[in-house]
Amino acid sequence: MTEATVPTTPTFNAGLGQEIAAKLPNAGLKYVSNPDHADEETILVEPGSVLEVAKELKKHYPFLMDVCGVDYPERDRRFDVVYHFADHIHRRRLRLKTAVVEGGSVPSVTPVYKAANWFEREAFDLFGVRFDGHPNLRRILCHEDFVGHPLRKDYPADRNQSLTTPIEHTYAKDRARMRAEEADYLSDRVWINIGPAHPATHGTLRFMAVMSGETIEEVDLEIGYLHRCFEKMCETHDYNQIIPYADRLNYCSAPINNHAWCRTVEKMLGIEVPARAQVMRMILDEFSRIIDHFVCISTNAVDLGALTNFWLGFQARERVYDLFEKLCGARLTVSLARVGGMGFDLPAGWVEQAIKTIEDIEKSHYELDLLLTKNRIFVRRMVGAAPIDAETAINYGFTGPCLRAAGAPVDTRVWDPYYSYDQVDFDVPVGDSGDSYARYMVRMEEIRQSCRILKQLLPHIPSGPISVDDPTIRLPRKSDVYGNIEGLMNQFMLVIHGVKPKPGEIYRAHEGANGELGFYVVSDGSGRPYRVKCRPPCFALFQAFPDMLKGQMLADAIAALGSINIIAGELDR
């Protein structure tokens, strides 16, 4: 890493750096380049200048993708607060960092980026960093009785804390807090608690709705029911051992999580997997995207009272699971990838079965289209439900189908391409109304486009190895382990110590079924990551839900919740 006062690489505008430094001479702005990765540029600023710098960056970087903390207990300024920005138009990313002492604070950037709201609450919850000016700085993933901050290095990984406060007391506290925040509410408002036991919230979400008749005036969300502290577990396991944990983020499209995690580690190692492994990952990603969309569409319609569509969507899903099972023996959470390649090669007959599966998918898709797209009841329930415009969606950090339904043609596979996505022919579907029906239509078209990608890939899978030929990264063949001392030693070293990326920090994004799935990883050179931050698509989507529901009918909340496809495993981690 090299330091300079102004940027010198083309991805970060040198004039912008000079402009910010001139406007904010006390910001202490420093530029850090990464000679190995041009998209890993970082600017360092003083804590008190974060908000002003963010205002300048907003003019050039419309997306705030993530905010997180990193704990360095041996430093005087113990915590790094890390911001990741993106500019899809000019295809560039930028990292902003500031360092704060224990008990210190950073100005909240929520006045500039609405996306910062929940991300800042998460950093406060897990690290204890305070954000001055935040509209509602309270815990978000851990329960209100939790003592301490679990992602600090001095918090034991096996120290669990159970919630002992009766749940009905939590409801009363929510009402009292919301009344205090909105003093103008009259006593005749109706307060309705929805979830976590409501069929549409699946035991993992809860929201308190303030009603005026059938109209929603205010909504308060509660998450964390499925919080496993995935990021803390990553610190106690080596890079390959984390793959099964990543599976369980979005369990409706597990291979995408596998590949996103492995690509991040591979970027740290400075390697590219062989062409055959790349195409295999693309194929598995697109099948996963299809079944994720089928689950979203089918269960959303079930929430509205329709059932036949559920069998159609899940029938196609099962055919894809047959492919996963034939490839690795598992169906839902598959752990197919490995750092440096794939864990399993394609068995005989798999490609032919995959081509037949596409036919089954297209048949189910056609029948779903007939059942729902022009169904009078479905259309009336979905059109106009929880709309959001493109500008607001970007401000909230929306990505994926929900952003595209609002009118922004942003797809990581296109603006930040990986593997061979820039070599296959497909369209990015875009809506114009940003409502629940637009989100449905975008997902339906994305199923068609994924089938289109698969038809191009399956007949032309390259031959060759499925993993890099590097004994420090890839496990040796069993014959080598039993047949020579080098193979035995390589097996021993990888199993005991794992792969060891050089010290540094990396952010890498992957187009998940719900949007940009990103991993920010800090390496200290050991076989285990020093810090892992998962940027889950659902997190940014769900925090906008209260604004999307204001002025809507209560029934619209159920239609909208299914349409944004909240997966609690990635939401809570």
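Evaluation of the side chain to side chain contact (heavy atoms under 4.5 Å, CB included) rule for Asn193 yields Tyr171, Arg206, Met208 as partners, not counting sequence neighbours. Residues meeting the side chain to side chain contact (heavy atoms under 4.5 Å, CB included) test with Pro503, sequence neighbours left out: none. Contacts of Arg531 classified as salt bridge (Lys or Arg N to Asp or Glu O under 4.0 Å), with partners at least two apart in sequence or in another chain: Glu231. Evaluation of the salt bridge (Lys or Arg N to Asp or Glu O under 4.0 Å) rule for Glu102 yields Arg78, Arg152 as partners, not counting sequence neighbours. A search for salt bridge (Lys or Arg N to Asp or Glu O under 4.0 Å) contacts involving Lys58 returns nothing, not counting sequence neighbours. Asp411 meets the salt bridge (Lys or Arg N to Asp or Glu O under 4.0 Å) test with Arg404, Arg413; sequence neighbours excluded.
The aromatic rings of Tyr421 and Tyr418 lie perpendicular to each other, with more than 60° between the two planes, well past the 30° mark.
At most 12 heavy atoms of other shown residues, nucleotides or ligands fall within 6.0 angstrom of atom NZ in Lys502.
Each of Tyr520, Phe519, Tyr507 was compared with Arg535 under the side chain to side chain contact (heavy atoms under 4.5 Å, CB included) criterion, and only Tyr507 meets it.
Seen from the ring of Phe539, Arg573 counts as a face-on cation partner, given the 6.0 Å and 45° thresholds.
By the 4.0 Å N-to-carboxylate-O rule, Glu266 lies close enough to Arg281 to be salt-bridged with it.
Counting only distance, with no hydrogens or angles, the side chain of Arg289 and the backbone of Glu511 share a donor-acceptor pair below 3.5 Å.
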